[in-house]
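Notes to accompany the following structure.
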Amino acid sequence: MASKDPTLLKLHSARSDLKTLLQASSEAQHDIKETEKRFSLYQQSLSTASRRIIPLQSLTMSRKALDARITRAVSPAVELLNTFKRTEGLQAKLVTFSAELSSEKSQQRRLEKLVEYVACVEEVKEGIENICEEVEMVVQRLQEVVEFVSRTKAADQDRDMRLKDALVTLKVLYEREVDEMRFEGLLDQALLHVQDEFEELLLRMKHRNMKDLLHQHGGEERELGSEMEVETLRRISTTLAANDCMDICIDIYLKARYRRAAKALMKLNPDYLRTYTPEGIDEMEWETLETAITLWIQHFEVAVKKVLFSEKKLCERVLGDFMEGLVWPECFIKISDKIMAVFFRFGEGVARSSKEPQKLFKLLDMFESLEKLKPHISQIFEGEPGADICTRFRELEKLIIDASSKVFWEFGLQIEGNIDGLPPPQDGSVPKLVRYAINYLKYLTAVNYKTSMIKVLRTQQTWRGKDGSSSIETNGKETLTDEDLLKHAISNVMEALQRNVESKRVCCRDKVLVHVLTMNTYWYIYMRTKNTQLGEVLGEKSMKEEYKAVAEECAYLYQKQAWGALVKVLDGDDVMEEGKGSVGRVVSEKVETFFKGLNEVCERHARGVYSIPDVDLREQMREATVRLVVPAYAEFLECYSEFLNKKGYPSVERVKGLVVKAFDGGRLRRKGSTSGSLERDIVVRDV
């Protein structure tokens with residue numbers, strides 16, 4: 001029944017399960033205890049392992065730190081070695097470029113290769129600079145690592161030795177190879193080669209034919225060199241400056257370009273520039289000095305406007321990048337200074353030489369040329385570097401103005417003091433000094449010199465402390481224009497000339513010759529100035545009053561003294577006073593006295609004692625004399641023909657012929673005759 005009871009069955013089943021559960025729990029509790037024992041053992045093992053691992057962890061961290069330090073030191077060293085390799089490659093490339101450059105014949109290709117060569121030099125220089133900048137830092141870092149490893153024993157012996165070997169190698173490289181690469185290696189040779197190419201290229205840039213420039217008026221000299229040549233020079237100069245060769249670069253440039261500029265000007269054959277002292281110039285023959293001054297004017301203009309102007313532009317294009325443009329002006333002035341000094345000293349020597357009259361015109365030529373050059377001088381030699389040249393130019397112009405003024409004023413003084421030192425002409429002709437002075441003044445008032453002389457006189461007025469405007473006050477009342485200023489100066493010379501003529505008149509003992517001399521001289525002055533610019537300056541009215549009127553008066557006095565006495569012999573008033581028996585005798589005596597006097601006067605004219613060189617004046621005097629003498633003789637013959645044997649005395653036509661022949665015989669043309677001391681120095685043409 002019990003076995004059949006479901007409740008009991010359930011209880012028995014629960015009891016069995018509970019028992020199984022308790023048994024399992026007991027086993028689990030036992031297992032847990034065993035596990036706790038094992039965990040305890042594991043914990044003890046882990047603690048032991050942990051205590052053993054901690055030193056290894058510290059060592060690992062030290063290793064990592066060492067690796068990082070070694071890497072920081074070795075990586076730049078590796079990069080440095082790579083830079084060395086690249087630089088060595090570029091140096092080998094330099095050798096190749098140098099060989100190709102030397103063998104290249106085409107100028108265009110040579111320039112292209114030269115640009116490549118310079119670019120390669122710049123790369124080599126950059127590589128060496130990088131090495132120089134990095135090698136010290138690399139050596140220092142590697143030194144620190146080696147010291148650290150040696151001190152801490154952090155690396156094994158092999159690694160320590162490798163680091164020490166690397167350090168020694170870098171130190172040797174630093175101490176020997178780097179300096180050699182910078183100062184004694186291929187870079188240094190390449191820079192020397194570049195310097196040679198720089199000089200050669202500068203010397204190859206030549207100026208155009210100087211003789212063509214000499215005859216070229218207007219325009220400017222073409223720029224020196226092609227664009228590629230100039231760019232190559234600029235590239236080379238920049239490279240040399242970057243390699244501490246700026247002084248060498250400038251020195252090469254100065255010597256090469258001065259040599260080229262001077263050689264260009266030497267083609268003009270300026271041998272005259274060798275004589276530049278005032279004493280040396282005074283010893284030169286006038287024709288030689290005149291030619292030298294003419295050449296100086298032409299050559300100076302070419303030197304400034306063509307040669308030096310081109311040199312300035314080239315200098316700016318090649319050296320313009322140095323020191324913000326402060327270098328090239330100094331270089332250009334150094335090139336120009338010697339050339340300009342040679343021209344300056346010759347001009348100064350001429351200005352300081354003796355003040356001979358003939359030099360005035362060449363001095364005025366020099367003055368006018370300097371006036372034309374003045375704006376070019378100011379432009380080309382602008383700024384502080386060119387101040388000395390501009391100052392010396394102004395001083396030269398002042399010297400020439402002063403010399404021109406002194407020559408002119410001393411000319412008047414020399415005239416008044418009888419400059420030629422000769423007595424009056426024995427034939428009464430125009431003194432050579434008068435001819436010279438009039439032609440001198442005519443030449444001075446011509447278009448070529450009038451303006452220049454006015455400028456000189458005006459400048460002199462300014463220097464003397466007077467107003468330097470277009471008109472100046474005279475005696476506080478009236479003003480002098482430029483024309484009046486020139487008239488005043490020339491009038492002083494004319495007055496000196498008058499006094500000189502008057503002094504010669506005093507030396508004449510022959511009363512007729514005095515009038516012939518004065519007539520010829522004043523007539524010459526009047527006729528040579530009539531309808532000329534000299535006459536315009538002095539004034540036609542003044543010339544008539546002071547010279548023509550005097551000449552006409554002296555002509556009358558000459559006629560009265562020389563021929564009037566003959567006419568007076570034929571006066572019949574005293575014949576009538578004689579008795580009839582004596583008339584024939586008196587008439588015959590008068591005729592004989594007349595012909596004797598006529599023969600003497602005609603002979604003196606024929607021998608040139610009384611010379612009238614001017615054709616028009618001689619013709620007028622001949623006609624006047626014929627009108628004076630012939631009618632008087634004809635009238636005398638007619639009145640006293642009964643007392644004369646006409647066949648025994650010359651006819652009226654014969655007397656007229658004698659008078660006419662007397663004036664024809666008195667014409668003296670000394671063609672090819674030597675001039676006085678003054679005219680030997682200068683030939684002044686009749687303008």
Side-chain angles (χ1 to χ4, degrees), residues 214 258 261-262 265-266 268-309 332-382 385-411 449 452-453 455-460 462-464 681-682:
L214 194 61
Y258 171 75
L265 292 173
M266 286 300 294
L268 298 174
N269 299 321
D271 295 335
Y272 62 91
L273 293 175
R274 300 179 186 275
T275 304
Y276 55 86
T277 62
E279 297 78 14
I281 289 175
D282 286 338
E283 294 175 359
M284 295 175 67
E285 294 291 336
W286 167 245
E287 291 78 7
T288 304
L289 178 59
E290 187 178 25
T291 302
I293 294 175
T294 301
L295 292 175
W296 179 85
I297 292 171
Q298 297 173 351
H299 296 173
F300 197 20
E301 180 179 357
V302 170
V304 173
K305 296 172 63 176
K306 308 297 182 181
V307 176
L308 295 182
F309 182 70
F332 168 66
I333 294 302
K334 288 182 179 179
I335 294 173
S336 306
D337 192 50
K338 292 181 180 179
I339 295 174
M340 294 294 289
V342 172
F343 285 100
F344 282 147
R345 69 184 186 184
F346 178 83
E348 292 164 355
V350 172
R352 292 190 173 104
S353 62
S354 61
K355 304 301 183 286
E356 299 173 357
Q358 69 273 13
K359 288 183 180 178
L360 175 61
F361 303 103
K362 301 313 295 182
L363 286 170
L364 292 177
D365 286 339
M366 294 172 71
F367 169 71
E368 194 61 33
S369 71
L370 294 183
E371 283 289 291
K372 293 178 181 179
L373 282 178
K374 189 181 295 184
H376 298 280
I377 292 290
S378 300
Q379 175 190 0
I380 295 174
F381 302 105
E382 60 184 347
D388 290 342
I389 290 180
C390 291
T391 299
R392 193 167 181 185
F393 179 85
R394 290 191 295 270
E395 291 298 325
L396 173 60
E397 190 171 29
K398 289 179 181 179
L399 283 174
I400 291 177
I401 290 173
D402 186 63
S404 302
S405 178
K406 285 183 178 179
V407 167
F408 184 70
W409 294 120
E410 288 184 13
F411 178 53
Y449 296 106
S452 300
M453 192 65 209
K455 289 180 182 178
V456 169
L457 294 173
R458 181 66 64 195
T459 305
Q460 279 290 329
T462 304
W463 288 352
R464 289 172 185 170
D681 293 334
I682 182 171

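Quantities reported herein were computed from a predicted structural model and do not represent experimental measurements. Numbering starts at 1 and runs along the sequence shown.
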Step by step, would you call R392 with E395 a salt bridge (charged side-chain N to carboxylate O under 4.0 Å, His left out)?
-> CA-CA 5 Å; R392 193 167 181 185; E395 291 298 325; over 6 Å; no
Return the [atom1] to [atom2] distance between [X] and [Y], rounded to the nearest 0.5 Å.
X: M340; Y: D388; atom1: CE; atom2: CG; result: 12.0 Å
X: K372; Y: F300; atom1: NZ; atom2: CZ; result: 14.5 Å
X: L457; Y: T462; atom1: CG; atom2: OG1; result: 11.0 Å
X: L295; Y: L273; atom1: CG; atom2: CG; result: 9.0 Å
X: L373; Y: E301; atom1: CG; atom2: CD; result: 6.0 Å

Is any side-chain heavy atom of [Y] closer than 4.5 Å to one of [X]?
X: Q298; Y: T294; result: yes
X: I339; Y: Y258; result: yes
X: Y272; Y: T291; result: no
X: L363; Y: V407; result: yes
X: E356; Y: L289; result: no

Closest non-hydrogen atom pair, [X] against [Y]:
X: T275; Y: I281; answer: CG2-N, 3.9 Å
X: I297; Y: S369; answer: CG2-CB, 3.5 Å
X: F393; Y: L370; answer: CZ-O, 3.2 Å
X: M366; Y: W296; answer: CE-CZ3, 3.6 Å
X: L308; Y: S336; answer: CD2-OG, 3.7 Å
X: A351; Y: K355; answer: O-NZ, 3.2 Å

Does R345 make a cation-pi contact with Y276, if we ask for NZ or CZ under 6.0 Å from the ring centre and within 45° of the axis?
-> yes
Criterion side chain to side chain donor-acceptor pair (under 3.5 Å) against S353, the qualifying member of E283, E279, E348, K359 | K359
Would F346 and H299 count as a close aromatic pair, with their ring centres under 6.0 Å?
->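 Ring centroids of F346 and H299 are no less than 6.0 Å from each other.
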What's the verdict on side chain to side chain contact (heavy atoms under 4.5 Å, CB included) for L396 and F343, showing C-alpha distance, side-chain angles and the deciding distance?
-> CA-CA 10 Å; L396 173 60; F343 285 100; over 6 Å; no
Taking [X] first and then [Y], would you say they form a salt bridge - that is, a charged N and a carboxylate O separated by under 4.0 Å?
X: D337; Y: K334; value: no
X: E397; Y: R394; value: no
X: K398; Y: D402; value: no

Partners passing ring-ring contact (aromatic ring centres under 6.0 Å, His included) against F381 (at least two apart in sequence or in another chain) |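 So F381 forms a ring-ring contact (aromatic ring centres under 6.0 Å, His included) with F332.
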Residues passing the ring-ring contact (aromatic ring centres under 6.0 Å, His included) test with Y449, sequence neighbours excluded, are F361, Y443
Test F411 against L360 for side chain to side chain contact (heavy atoms under 4.5 Å, CB included), laying out the working first.
-> CA-CA 10 Å; F411 178 53; L360 175 61; over 6 Å; no
Trace of the side chain to side chain contact (heavy atoms under 4.5 Å, CB included) decision for H376 with F309 | CA-CA 9 Å; H376 298 280; F309 182 70; over 6 Å; no
Taking atom NZ of K455 as the centre, report whether more than 12 heavy atoms of other residues, nucleotides or ligands fall under 6.0 Å from it.
->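 Count over threshold, so yes.
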Would you confirm whether S405, through its side chain, and I401, through its main-chain N or O, come within 3.5 Å as a donor-acceptor pair?
->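 It does not hold such a pair.
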Using salt bridge (charged side-chain N to carboxylate O under 4.0 Å, His left out) as the criterion, list what pairs up with E410, not counting sequence neighbours.
-> none
